[in-house]
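First up is the structure itself, then whatever we jot down about it.
Proteins get letters first, then strands, A, B, ... in listed order; numbering begins at 1 in each.
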Amino acid sequence: MELYPITPNHYLALSAVLFTIGIAGVLTRKNVFMTLMSLELMLNAVNLSFITFAKVNSDLTGHVFVLFVVSIAAAEACVGLAIVIALFRLKETVNLDMFKSLKN
Amino acid sequence: MLEAMVFYILAAASVIFGLLLITRVNPISSAMTLIGVFGALAGLYAMLNASFVSIIQILVYAGGIMVLVIFVIMLLNLHKDDLQPMRAQPFWVILALVALFGTILGPILFCVLPNKDWTWGSLTPDFGTLMMVGEKIFSDFLFPFEILSLILLTAVIGALVMAKRKL
Amino acid sequence: MRVVDRAEPKGAQKFYLVAVVRGLIVTMGHVMKNVLNPKRMPVVFYPEQKKDLPPATRGRHRLMKREDGAPRCTACMLCATACPAECIHIKAEESPDPNIEKLPERFEIDMLRCVFCGFCVDACPLDAIRMDVPDVTIAGYTRESMVYTKEFLMNHNNEDVVADYNPPRPVILTHGPHARP
Amino acid sequence: MDNQVFTLINIAVMTVVMWITPLQFVPFMIWLERKGSAIIQDRIGPNRAEIFGFRFFGMVHNFSDVVKLLNKENITPTHANRFFYTMAPFWSMTVSLLPLLIIPLAAPIDIFGHTVRFQAADFSVGILYILSITSMGVFAVILAGWASNNKFSLMGGIRSSAQMISYELSMGLAIVALLMVYQDAQVSSMVETQGRWLTVFGHELPLPNWGIFLQPVAFVLFLVASFAETNRNPFDLAEGESELVAGYHIEYSSVKFALFFMAEYSNMVVASFVIATLFLGGYQVPYFSTDVLAAHPQEVLIAVCILGFIKSVLLGYLIGLKARQQETVFKKGVAKWEPFLFSGLFYGLSILCLAGLIYAFNGSFAPWFGPVLTTLLQMGCLLAKVLFFCWLFVWVRWTLPRFRYDQLMNLGWKMLLPLGLVNLLVTGVWLLISK
């Protein structure tokens, strides 16, 4: 892969790197917020490849999908944070390892 | 040349901010670095002729979702125990990262991409503007769009039900 | 605990707009009045113009004098005792006049502590201390300069400082030639 | 010089101008706030600080403020997050300067073979850019509140974040309604559309095609939301001093506080620019389009001179009244004759206007004169609209009391949001019918 000119491959590689970072964040952090934010990062990495392919195929469907993904991410953050608040009220912590009991 | 420079700067910024995101101890610092990632990605979207999406990226992601996340982080009174950097031992972390690299990143970087010969498509000047994307959404994707609005409504109601102490 | 129900706005009031516009008209009226007629603004350009203080202003202290210029004070310590802020410090000495027992050698008022309650004036049996100097900007650069000495407090002729200021004086309890002038 | 280089230089110059403009407005706004509050409350206002005896009606107080703030000790509280604590005021200032880039100051003119544009950036997403930048402004407040390790400032930060999220919705709905009637998001074309006549069912009404006439409800929504977004009274709960001492900037001192202070005022200026551009026709002179103005330099010059004459005589008279008030007080020195000097300056300006009138009646004009005059007139028109909204910000602040927090939330979610949705519905139906 040459450094110049910038081809779709560059964008796809960046997308892959960001996705990997997101997965690493989800796997290695205990904090619920960290997990949520790493999820957002993964979604964004996917969005980047969507936009890249939209330009490659000169088709706007990719853009529409990115907009849908953004909306879904908003809904996900909304519900996810509500769950975190409810859990925090129950357990007084945001440590993921503490949320393991099915009762109480 | 200018395009390459801007791309590498934005790409480096997004990767560095992403790495900072998963290594910061304090969730607020992480949230701010995530905003940095979003900003860099918005710049990349703009370079890919997706002006509307790049604005939406900043408007909804950085301006909406992240404010919500920060708001909730501040709302909860986090203890010292909640602010721990890593889940596992460093050895396992490194092993997990190596495994990830081997399974996802490595194949893409060294097998798929060099063999694929993508080229940019030919674009009209108003590709990716508000007008064009709007037309696309309201013609081909009208039904998914309506479903999406229902999903958002459900999410709002669900969040209210879960987070409110007394309804 | 008593819970008071607030009157919540109803109907069109909830939009606040009408009330807001009415308030804006009121303030704009003030602006127009003051721009078109600045001379009628009820203001005083303070250091250049000064308002007359009301006749019963309780201002800074002063020590009254006898006809020969000696302080009227006899260092009886009643004012220092009455002072709630403990800002009056008196050191007495023998008076050369055989009819008077004592004189203040030092009479100091710490203006940083004084609360301007006027108890010292009420306590004085000789009308030796008054608080009628219309000096309302008392300031100094050091703490020491804010301790007013006997000489400073007596630096005046026995004139009435504020015109028409004539509150009822305490009843004179002394006798003989030292009765109130 | 070829056209591309010229365009680049044009954009660069306009970018710098648009960054500097709000900074130039800030001292004026602070002066306006002080004098306006004073005059609303029947006071005189600041008039003591002086340079060589010149007081400039209290304008010198800004310079003394700057000197004071720069000389103060720069305190960082213990256990504060130093990085974010330092970053917040700079973020606030930067974000407050950015939105102005897409505001056109005047219509583009053709002069000396080039097209000169008075707009730094004309994005196709246009107005959404302003929305996204203002949404970034929340972080400065939140970060300042969180990083300074103080419960009052944290409360201020949380309050303002909730407030801004709530009111961004109604702002967005107002903008969507505007997009529907203008059929475009590009700011330059929005302003061009506003130069036409208001048309209802094919009939031209004697009104300009301004956003305020097309979308009165959206105008009210946008105005209220921009008050909330700039954290101004009656929505300044982020810094409600009766409850939170000073809100999010309680721990800031010296230059950092100055940055927050300047950002607040430049936010107001930017909001005024945006409202004037979206709803009051931007640079458009009411009833006269750009082409008409450029084609008739003589009539325009006559009108400008007459207006300038009336304005300067009025100002000279009002300042003369002020001078006669002060002359009884300041008995000697510069302070006594300085107001008379300014009054005389304005009377002199009126004489200059008369001279311009004479020139207009029997002069001949170069071909570049018409476009340049048009540009100046349009800039002046935009300035007048912006100044009105700047004054409105001050006026409202010193008239209305602060909302209670539950009232604020009720107003945002239960009043403005449904109102915006209904407005959207009505606009859509209207567009369908009138097509």
Exercise for review: Let me know if Met66(B) has heavy atoms under 4.5 Å from chain A in its side chain, its backbone, both or neither.
Suggested key: side chain
Revision key, fill the gap. When every non-hydrogen atom of Leu10(B) is compared with those of Gly43(B), the smallest separation belongs to CD1-C, 3.6 Å
Practice item. Return yes if some donor-acceptor pair links the side-chain N/O of Ser15(A) with the main-chain N/O of Ala45(A) below 3.5 Å, else return no. Key: yes
Revision key, fill the gap. Residues at least two apart in sequence or cross-chain that pass ring pair (Phe, Tyr, Trp, His ring centres under 6.0 Å) with Phe38(B), listed by chain then number, are Tyr61(B)
Review point. Among Val15(B), Val60(B), Ile65(B), Leu48(B), which has the most heavy-atom pairs under 4.5 Å with chain A?
Key: Leu48(B)
Practice item. Tabulate, in ascending numerical order, the residues of residues 67-74 of chain B having at least one heavy atom closer than 4.5 Å to a heavy atom of chain A, or enter 'none'. Key: Leu68(B), Val69(B), Val72(B), Ile73(B)
Check your understanding: Is a side-chain N or O of Thr35(A) found less than 3.5 angstrom from the main chain of Asn31(A), in a donor-acceptor match?
Key -> yes
Exercise for review: Rounded to the nearest 0.5 Å, what's the gap from CG on Asn49(B) to OG1 on Thr129(B)? Could you check?
Suggested key: 10.5 Å
Check your understanding: Shortest non-hydrogen contact from Phe7(B) to Leu44(B)?
Key -> CD1-CD2, 3.7 Å
Exercise for review: Examine distances only and state if a side-chain atom of Ser30(B) and a backbone atom of Leu21(B) form a donor-acceptor pair shorter than 3.5 Å.
Suggested key: yes
Check your understanding: Tell me, do Phe52(B) and Met131(B) make a side-chain contact under 4.5 Å, heavy atoms counted?
Key -> no
Check your understanding: With only heavy atoms counted, which part of Glu135(B) is less than 4.5 Å from chain A, the side chain, the backbone, both or neither?
Key -> neither
Point to revise | Most chain A-contacting option - heavy-atom pairs closer than 4.5 Å, from Gly64(B), Ser14(B), Gly134(B) | key: Ser14(B)
Using atom types as modelled, flag every donor-acceptor pair under 3.5 Å from a side chain in residues 61-86 of chain A to any protein atom, sequence neighbours excluded.
from: Thr61(A); atom 1: OG1; to: Asp59(A); atom 2: OD1; distance (Å): 3.0
from: Thr61(A); atom 1: OG1; to: Asp59(A); atom 2: OD2; distance (Å): 3.1
from: Ser71(A); atom 1: OG; to: Leu67(A); atom 2: O; distance (Å): 2.8

Review point. For residues Asn47(A) and Gln57(B), is any side-chain donor paired with an opposing acceptor at under 3.5 Å?
Key: no
Check your understanding: Is the backbone of Lys136(B) close enough, under 3.5 Å, to the side chain of Asp140(B) for a donor and an acceptor to pair up by distance?
Key -> no
Practice item. Please flag which part of Tyr11(A) lies under 4.5 Å from any non-hydrogen atom of chain B: side chain, backbone, both or neither. Key: both
Review point. So which bits of residues 142-149 of chain B come within less than 4.5 Å of chain A, counting non-hydrogen atoms only?
Key: Pro144(B), Phe145(B), Leu148(B)
Practice item. Check each atom of Met37(A) against the heavy atoms of chain B and say whether the ones under 4.5 Å are side chain, backbone, both or neither. Key: both
Practice item. Please report the closest heavy-atom contact between Leu34(B) and Glu40(A), naming both atoms and the distance. Key: CD2-CB, 4.2 Å
Practice item. Report the C-alpha distance between Met132(B) and Phe127(B) in whole Å, list the side-chain angles of each, state the deciding distance to 0.1 Å, and finish with yes or no for side chain to side chain contact (heavy atoms under 4.5 Å, CB included). Key: CA-CA 7 Å; Met132(B) 295 290 288; Phe127(B) 182 79; 5.9 Å; no
Review point. How close do Gly22(A) and Ser38(A) get, heavy atom to heavy atom, and via which atoms?
Key: O-CB, 3.4 Å
Revision key, fill the gap. Max heavy-atom pairs within cutoff under 4.5 Å with chain B, candidates Leu48(A), Val17(A), Leu36(A), Ile23(A), goes to Leu48(A)
Exercise for review: Can you tell which part of Phe141(B) gets under 4.5 Å to a heavy atom of chain A, answering side chain, backbone, both or neither?
Suggested key: both
Review point. Non-hydrogen atoms of chain B under 4.5 Å away: do they reach the side chain of Leu18(A), the backbone, both or neither?
Key: side chain
Practice item. Below 4.5 Å from any heavy atom of chain A, which atoms of Val37(B) appear? Answer side chain, backbone, both or neither. Key: side chain
